[in-house]
Amino acid sequence: MERHAMIVAGFGFRTGVSLASLRDALDRAGGADGVTHLATLAAKVGGLEPLACALDLPIVALAPDALRGVPTPTRSDRVEEMFGTGSIAEAAALVAAGPGARLRGPRAVSADGWATVALAEGSG
């Protein structure tokens, strides 16, 4: 049986983010076509649920420790200090997509700056 690739959209966002901001960031990252899962920190799942419902996609909820030490092409000093990785969006996408996953590109930021998204491909 052929195993299909998993394409994960990893999200980082501010509390109170709008659905429009999440959609905008996803569009800037390359869009929802082919995306199989959304991922973010477990504490932020509630903010991502409106988009998950709109796209009919599952959310992978990650513990902060799962992101610690994950190398990312984008680096935020604040995020690095709090979570031990340079980008929540990039690290969440990589971890959720599984071992050997690769990013399609660096994270994209919504026009209002409230949400970031990175897309990763892996085998789950």
Side-chain angles (χ1 to χ4, degrees):
M1 188 167 156
E2 186 180 330
R3 188 161 182 172
H4 294 287
M6 204 173 161
I7 300 174
V8 178
F11 284 82
F13 52 88
R14 296 182 193 177
T15 301
V17 70
S18 68
L19 176 58
S21 182
L22 293 168
R23 279 189 183 274
D24 181 49
L26 183 56
D27 288 346
R28 290 167 182 261
D33 279 355
V35 171
T36 59
H37 295 75
L38 307 180
T40 195
L41 290 167
K44 297 276 198 165
V45 165
L48 197 52
E49 284 176 345
L51 182 63
C53 288
L55 299 175
D56 194 27
L57 291 173
I59 299 173
V60 179
L62 300 164
D65 284 351
L67 306 185
R68 190 164 301 285
V70 175
T72 59
T74 305
R75 194 174 161 280
S76 157
D77 289 338
R78 184 181 64 79
V79 170
E80 183 92 41
E81 191 174 303
M82 291 175 64
F83 298 100
T85 188
S87 164
I88 299 258
E90 292 168 353
L94 287 167
V95 170
R102 66 172 186 80
L103 289 174
R104 287 188 164 180
R107 67 178 172 78
V109 183
S110 62
D112 64 8
W114 276 59
T116 60
V117 180
L119 299 177
E121 294 179 35
S123 57

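Heavy atoms only: backbone and side chains are in, while hydrogens, waters and symmetry mates are out.
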K.L.:
Answer yes or no: is there a side-chain heavy-atom contact under 4.5 Å between Glu121 and Leu119?
P.N.:
no
K.L.:
Between Thr74 and Pro106, is there a donor-acceptor pair closer than 3.5 Å when you use the side chain of the first and the backbone of the second?
P.N.:
no
K.L.:
Taking C-beta and beyond as the side chain, do Val95 and Val70 meet within less than 4.5 Å on heavy atoms?
P.N.:
yes
K.L.:
Under a 4.5 Å side-chain heavy-atom rule over Ile, Leu, Val, Met, Phe, Trp and Tyr, are Leu57 and Leu94 clustered together?
P.N.:
no
K.L.:
Nearest 0.5 Å please: distance from the OG1 atom of Thr40 over to the CD atom of Glu49.
P.N.:
11.5 Å
K.L.:
Looking only at atom types and distance, does a side-chain atom of Ser110 sit under 3.5 Å from a main-chain N or O of Leu22, one as donor and one as acceptor?
P.N.:
no
K.L.:
Indicate yes or no for a side-chain donor-acceptor contact from Thr72 to the backbone of Ala91 under 3.5 Å, with no hydrogens or angles considered.
P.N.:
no
K.L.:
Side-chain heavy atoms under 4.5 angstrom apart, residues restricted to Ile, Leu, Val, Met, Phe, Trp, Tyr: same cluster for Val109 and Val79?
P.N.:
no
K.L.:
If hydrophobic clusters are built by linking Ile, Leu, Val, Met, Phe, Trp and Tyr wherever their side-chain heavy atoms come under 4.5 Å apart, do Leu62 and Met6 end up in the same one?
P.N.:
no
K.L.:
Which atom pair, heavy atoms only, marks the closest approach of Pro64 to Phe83?
P.N.:
CB-CD2, 4.3 Å
K.L.:
What I'd like to find out is whether the side chain of Val17 reaches to under 4.5 Å of the side chain of Phe11, using heavy atoms alone.
P.N.:
no
K.L.:
Do Ile88 and Leu41 come within less than 4.5 Å of each other through their side chains, counting heavy atoms only?
P.N.:
yes
K.L.:
Is it true that Arg28 and Asp24 make a salt bridge, defined as a side-chain N closer than 4.0 Å to a carboxylate O?
P.N.:
yes
K.L.:
Please report the closest heavy-atom contact between Gly10 and Ala92, naming both atoms and the distance.
P.N.:
CA-CB, 4.3 Å
K.L.:
Which heavy atom of Thr116 sits nearest to which heavy atom of Ala89, and what is that distance?
P.N.:
OG1-CB, 3.4 Å
K.L.:
For the CZ atom of Arg14 and the CG atom of Asp112, what is their distance to the nearest 0.5 Å?
P.N.:
8.0 Å
K.L.:
Determine, step by step, whether Glu90 and Thr85 satisfy the side chain to side chain contact (heavy atoms under 4.5 Å, CB included) criterion, reporting the C-alpha distance in whole Å, the side-chain angles of both residues, the deciding distance to 0.1 Å, and the verdict.
P.N.:
CA-CA 9 Å; Glu90 292 168 353; Thr85 188; over 6 Å; no
K.L.:
Before you tell me yes or no, could you show the steps for Val60 and Val8 under side chain to side chain contact (heavy atoms under 4.5 Å, CB included), namely the whole-Å CA-CA distance, both residues' side-chain angles and the distance that decides it to 0.1 Å?
P.N.:
CA-CA 9 Å; Val60 179; Val8 178; 5.7 Å; no
K.L.:
Locate the shortest heavy-atom distance separating Ala25 from Ala115; write the atom from each residue and the value.
P.N.:
CB-O, 3.8 Å
K.L.:
Provide the closest heavy-atom pair for Leu26 versus Ala32 in the form atom of the first, atom of the second, distance.
P.N.:
CD2-CB, 3.8 Å
K.L.:
Taking Leu51 as the starting point, is it possible to reach Trp114 by hopping between hydrophobic residues whose side chains are less than 4.5 Å apart?
P.N.:
yes
